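Comments concern the structure below.
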Protein chains: 2
Amino acid sequence: MRADAQRNYDRIVSAASEAIAQDGAEASLEAIARSAGVGSATLHRHFPSRWSLMEAVFAERVGCLIDRAEELRDAPEPLDALVRWLREVAAYATTTRGLAAALLNGPPAESGTCQAHLIAAGEPLVRRAVEAGLVRGDVATADLLTLVNAISLAAQQAGPEEAERLVTLVLEGVLVRQG
Amino acid sequence: MRADAQRNYDRIVSAASEAIAQDGAEASLEAIARSAGVGSATLHRHFPSRWSLMEAVFAERVGCLIDRAEELRDAPEPLDALVRWLREVAAYATTTRGLAAALLNGPPAESGTCQAHLIAAGEPLVRRAVEAGLVRGDVATADLLTLVNAISLAAQQAGPEEAERLVTLVLEGVLVRQG
DNA sequence: ACGTAAAGTGGGGTGGTGCTCCATTTCGAT
DNA sequence: ATCGAAATGGAGCACCACCCCACTTTACGT
């Protein structure tokens with residue numbers, strides 16, 4: 001990639017990051033290009049779809065979550081580590097406007113997407129909790145992430161404390177526990 | 001309301017219903033007005049926001065769910081009735097493109113909205129299941145509906161069988177049941 | 001039955017969008 | 001320094017939501 005192309009790429013991602021933080025996932029691509037000091041055509045060549053731009057913007061933030069998952073992989077309490085990580089994912093998704101929507105509405109879990117990376121990062125946490133007999137064996141990491149993201153999306157209207165409640169509810173189940 | 005206004009109102013809702021079924025919640029209002037044989041200004045006067053049009057379109061379908069809730073209110077098995085109803089809500093939301101999104105992204109549970117009506121309809125079902133000792137006492141009807149809708153939204157990409165799995169997961173809980 | 005005031009209408013205008021050509025500029029290997 | 005390829009951005013296209021306003025239709029008091 002040529003030097004100027006790289007420079008423009010970075011400026012677009014940076015501008016998009018700000019725009020999305022401010023206006024959510026529906027931020028105007030035109031405005032992003034403008035504030036990056038770049039023609040709209042340039043934006044569209046670097047990022048053929050809104051989704052691909054999303055991925056680039058969120059790559060860094062998703063990276064944080066992945067690092068966190070690796071940190072927690074050797075934590076003493078397997079279940080605590082998993083729950084803590086899921087809550088962090090939820091918090092990120094709720095805070096970063098549009099992350100949840102982007103993760104959910106994007107093409108489902110193709111390899112190389114940030115979804116795929118998140119799933120891969122969470123997998124060991126889930127497996128450890130399952131092997132410790134603390135989490136049901138038939139739950140997939142992808143299911144968990146989908147649920148957490150769906151909750152974050154739903155709670156963007158209702159507020160973060162609602163999200164907390166729902167996550168707890170999902171973990172413990174709606175039905176009463178009868179031995 | 002004048003007779004012609006009522007007529008146009010109905011034609012708009014009807015056209016919108018078809019358009020949304022075909023193109024999802026992002027259907028073009030302009031196109032809806034056109035296919036209703038009505039000027040765009042008329043549509044915008046009757047329905048100041050996309051959301052208000054959504055509500056009108058879904059009112060009928062939500063009505064079906066409310067009727068169903070009343071039917072199930074006296075069913076022999078309280079838990080079975082609740083679960084069955086929730087699954088029907090999920091099925092409706094998944095099938096009717098945009099219902100879930102409309103329910104979730106709309107202004108949260110103001111009185112008079114279809115959310116409020118759904119919650120009111122589901123309330124007795126939940127209460128009965130709680131009183132029978134089958135559902136945890138601290139789950140709100142609104143929480144349940146939010147979850148079901150969130151799942152439907154998430155599963156619109158993944159497919160209906162994924163939605164089924166997630167609903168079951170939410171009911172039974174992620175953690176293993178330890179007496 | 002009819003005239004009129006007000007409620008209702010829709011075409012056209014405005015400002016915005018996502019996206020694509022393509023003539024021009026810029027880079028970097030030779 | 002040169003030259004071809006890579007990269008650019010502005011003009012253009014079709015579409016969108018939404019608003020203004022001259023015109024038509026309705027319902028009601030007489």
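None of these values were measured; they are calculated from a predicted model. Below, each value reflects all heavy atoms present in this structure, side chains not excepted, and no hydrogens, waters or symmetry copies. The sequence lines fix the lettering, A, B, ..., with proteins before strands; numbering per chain opens at 1.
- Among the nucleotides C/dT17, D/dA17, D/dT8, the one closest to any side-chain atom of A/T42 is D/dT8.
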Per-nucleotide protein contact along nucleotides 22-30 of chain C, 5' to 3', at a 4.0 Å heavy-atom cut-off (B base, S sugar-phosphate only, - neither), is ----BSS--

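- Every residue was checked against the salt bridge (Lys or Arg N to Asp or Glu O under 4.0 Å) condition with B/R34, not counting sequence neighbours, and none meets it.
- For residues 150-172 of chain B, the set of pairs meeting the salt bridge (charged side-chain N to carboxylate O under 4.0 Å, His left out) definition, not counting sequence neighbours, comprises A/R136-B/E172, A/D143-B/R165, B/R87-B/E164, B/E162-B/R165.
- In terms of heavy-atom proximity, B/V130 sits nearest to B/G137 at CG1-CA, 3.7 Å.
- Here A/D80 pairs with A/R84 under the salt bridge (Lys or Arg N to Asp or Glu O under 4.0 Å) rule; sequence neighbours left out.
- Comparing B/A5 and B/E30, the nucleotide of DNA chain C nearest to each residue sits closer to the 5' end for B/A5.
- The distance between atom CG of B/L29 and atom C1' of D/dC15, rounded to the nearest whole Å, is 13 Å.
- Residues B/R50 and A/G37 each lie close to DNA chain D; by heavy-atom proximity, the contact nearer the 5' end of the strand is made by A/G37.
- Distance, A/H46 NE2 to C/dT20 C1': 16 Å, rounded to whole Å.
- A straight line from CZ of A/F47 to C1' of C/dC19 spans 16 Å, rounded to a whole angstrom.
- By the salt bridge (Lys or Arg N to Asp or Glu O under 4.0 Å) test, B/R50 is found to be paired with no residue, residues two or more places apart in sequence or in another chain being considered.
- In this structure, B/L53 places its CG atom 11 Å from P of D/dA17, rounding to the nearest Å.
- Looking at residues two or more places apart in sequence or on another chain, you find a ring-ring contact (aromatic ring centres under 6.0 Å, His included) between B/F47 and B/Y9.
- As a whole-Å value, the separation of A/E26 CD from D/dA17 C1' is 14 Å.
- Closest to the B/S28 side chain, of the nucleotides C/dG10, D/dC16, D/dT8, is D/dC16.
- Taking 4.0 angstrom as the limit, B/H44 places none of its side-chain polar atoms (N or O) nearer than this to OP1 or OP2 of D/dC20.
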I'd like a list of close polar pairs between nucleotides 28-30 of chain D and the protein, N/O only, cut-off under 3.5 Å.
none

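- Here the closest non-hydrogen pair linking A/A81 and A/R128 is CB-NH2, 4.2 Å.
- Here the shortest heavy-atom pairing between B/A33 and B/S40 reads CB-CA, 3.9 Å.
- Listed by first then second residue, pairs satisfying salt bridge (charged side-chain N to carboxylate O under 4.0 Å, His left out) with a partner in residues 68-78 of chain B read B/R68-B/E71, B/R68-B/E88, not counting sequence neighbours.
- Applying the 4.0 Å criterion to OP1 and OP2 of C/dT9, one finds that B/N8 has a side-chain N or O inside that range.
- A/I32 places its CD1 atom 16 Å from the P atom of D/dG9, with the value rounded to the nearest Å.
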Table please: side-chain donor-acceptor pairs of residues 12-24 of chain A below 3.5 Å, with sequence neighbours left out.
from, atom 1, to, atom 2, distance (Å)
A/S17, OG, A/R61, NH2, 2.9

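- Taking atom OH of residue B/Y9 and atom C1' of nucleotide C/dA7, one finds them 17 Å apart after rounding to whole Å.
- Between the CD1 atom of A/I12 and the P atom of D/dG9 there is a distance of 8 Å, rounded to whole Å.
- Within the 4.0 Å cut-off from OP1 or OP2 of C/dG18, not a single side-chain nitrogen or oxygen of A/R34 is found.
- Between B/S40 and D/dC18, a side-chain N or O to OP1/OP2 separation shorter than 4.0 Å is absent.
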